[in-house]
Amino acid sequence: MAKIEELKKLSTQVRRDIVRMVHAVNSGHPGGSLGCVEYFVALYGEVMKHNPQNFTMDGKNEDLFFLSNGHISPVYYSVLAHSGYFPVKELNTFRKINTRLQGHPTTHDGLPGVRIASGSLGQGMSVAIGAALTKKLNGDNHTVYSLHGDGELQEGQIWEATLYAAANKVDNYIATVDYNGRQIDGDVDKILSLGNLKAKFEAFGWTVLENHEGNNLESVITSFNTAKTYLGKGKPIMVIMKTEMGQGVDYMMGTHKWHGSAPNDEQLKKALDQLPVTLGDY
Amino acid sequence: MKKYTFTEKKDTRSGFGAGLSELGKINPDVVALCADLTGSLKMDAFQKEHPERFFQVGIAEANMMGIAAGLTIGGKIPFTGTFANFSTGRVYDQIRQSIAYSEKNVKICASHAGLTLGEDGATHQILEDIGLMKMLPHMVVVNPCDYNQTKAATLAIAKHEGPVYLRFGRPAVPNFTETNGTFEIGKAVMLNEGTDVTIIATGHLVWKAIEAGEKLAGKGISAEIINIHTIKPLDNEAILKSVRKTRCVVTAEEHQMNGGLGDSVAQLLSRHLPTPQEFVAVNDSFGESGTPDELMTKYGLDSINIVQAVELVMKRK
């Protein structure tokens, strides 16, 4: 359990990084980032076999991750940095001129860890499927992961990809939906309801797992481990992961208002008071 | 006027199919994707010869572009195939973000471009694709003129690292370039040296330019004819060298006047060598149903239109 405790400390530090990053440039997306901390910490700290010190675009003989909802770049960047892909102090450049840490992730500036640009929603599942197909062609028995927002599922391309992955038995692939129920304009149910999401993916032919505790690190790791037992069985795998937008900062929880807004100085202090320094600030 | 002959008419899409089949044999990293138009794109041979490297994605072009981007991660060289309309306008954002901005080595291969798609009409006759694609940073845009050149271009783009848009068409047109000729991306092909006017043509308009050159020779006008098979990067040196000599230019393309080859040439000349220019292109209009020949006549893309444009531009020197 020593490692779990370390990963929990990392989770708290990542949350500090997120609110400090968006505060520093008065822009960015803290809500979804805070909600997906456990997902990223589990994936990069425990689940994936990956090579942060020797990043290659081709990523042969390692697991791959694709972030489809690119606006939650703060959590992605923080976890990549703490995993060793690039110096943690570079988080200080987020969204600033000449940075590799663009508002939305990109390969364009050579940031290690990023293999596709994302931001315009709905594209990451197709990309992940392509990467999974190449792994099969290459005889590379590693897994491809992707993360999607629930609001993002309103994009039609997602359903093209969902159909394709099942029809073509893309079974070296574990997708996850960040099911926080909120998007910019309000509750997903009010904007454009997804209906019974589990039934939808099952009807498309996927293996679907649900995790109702997406902000519980042990639970997220258990979900990944369960999902892995379905690899290679002829179906793509979807984890519907219930999270809380803004998790860890009380005033950012229970609302969609912090989807894409940065805290001011006073709000930052209030947030950091709830998130003690664990590994040191960048 | 140099004499050009051909033994048969062939469709450029078949040149693509032949090139792709050959690539399949010589390059194990080449993979192909198609959105339910395998027969129309002439991708059947590759599909039959390399079923494990062929991905039928169904009528889902956005997904096809994303999958193609992903396939590059791990070293594959994906060739996507569908009509030009569905290869560009329908999937512009996918190409922009997942392929162009992400610097993925995807070859976007687009058939049935322009009016010569014919009877299906304007919904399928894209005339904006060159403009859309050339605006994307670092996208290479190739529009070969006949079967042999399309086959050669297909082989050549596999060796280029980075995204490429390869545009070709449906109808059988004179196949006059060299069999198994070389194809150098970004290198203009001088078809006829002349002194009075430079005609710069791309795609199906190249043969029309040759026909126009013969008509002009009969009128005592010496036309220099350049085949620009690569619209981006444009062969600036070849164009400037020719125009310095002739001091007037006609561009010819099966595309909107806005955003096409003519625009690229005008931009080059306005910066380096301001020169009278006339444009043979579709003038701010959609197409319609009809035979390819009827459409090329109605929309002013025939050899006679090039002749008229030459006579007009020479008066402006």
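We name chains A, B, ... by the order of the sequence lines, and we start the count at 1 in each one.
- In K187(B), the NZ atom is not crowded: 12 or fewer heavy atoms of neighbouring residues, nucleotides or ligands sit closer than 6.0 Å.
- The two residues Q102(A) and Y101(B) have their closest heavy-atom pair at CG-OH, 4.4 Å.
- Once rounded to the nearest 0.5 Å, the distance linking CG of D93(B) with CD of E155(A) reads 8.5 Å.
- Residues I73(B) and F66(A) meet the side-chain proximity criterion, which asks for heavy atoms closer than 4.5 Å.
- Using a 4.5 Å cut-off between heavy atoms, L64(A) touches chain B through its side chain atoms alone.
- Within 6.0 Å of atom NZ in K228(A), more than 12 heavy atoms from other residues, nucleotides or ligands are found, so the atom counts as buried in its surroundings.
- Residues of residues 115-139 of chain A having a heavy atom under 4.5 Å from any heavy atom of chain B, listed by number: R115(A), I116(A), A117(A), S118(A), G119(A), S120(A), Q123(A), S126(A), V127(A), I129(A), G130(A), A131(A), L133(A), T134(A), L137(A), N138(A).
- Contact tally against chain A (heavy-atom pairs below 4.5 Å) for G75(B), A60(B), G74(B), P78(B): the top residue is G74(B).
- Annotation for E52(B): atom CD counts as buried by contact number, over 12 foreign heavy atoms lying within 6.0 Å.
- With contacts defined as side-chain heavy-atom distances shorter than 4.5 Å, the pair T107(A)/K104(B) qualifies.
- Within a 6.0 Å radius of CZ in F286(B), other residues, nucleotides and ligands contribute 12 heavy atoms or fewer.
- Of the residues considered (K60(A), H104(A), H108(A)), H108(A) shows the highest number of contacts with chain B, using heavy-atom pairs under 4.5 Å.
- More than 12 heavy atoms of other residues, nucleotides or ligands shown are found within 6.0 angstrom of CG on N27(B).
- Around the OH atom of Y230(A), the shell of radius 6.0 Å holds no more than 12 heavy atoms that belong to other residues, nucleotides or ligands.
- Residue-environment remark: CZ (R90(B)) stays at or below the threshold of 12 foreign heavy atoms within 6.0 Å.
- With values rounded to the nearest 0.5 angstrom, M65(B) atom CE is found 11.0 Å from E160(A) atom CD.
- Other residues, nucleotides and ligands place more than 12 heavy atoms under 6.0 Å from the CZ atom of R95(A).
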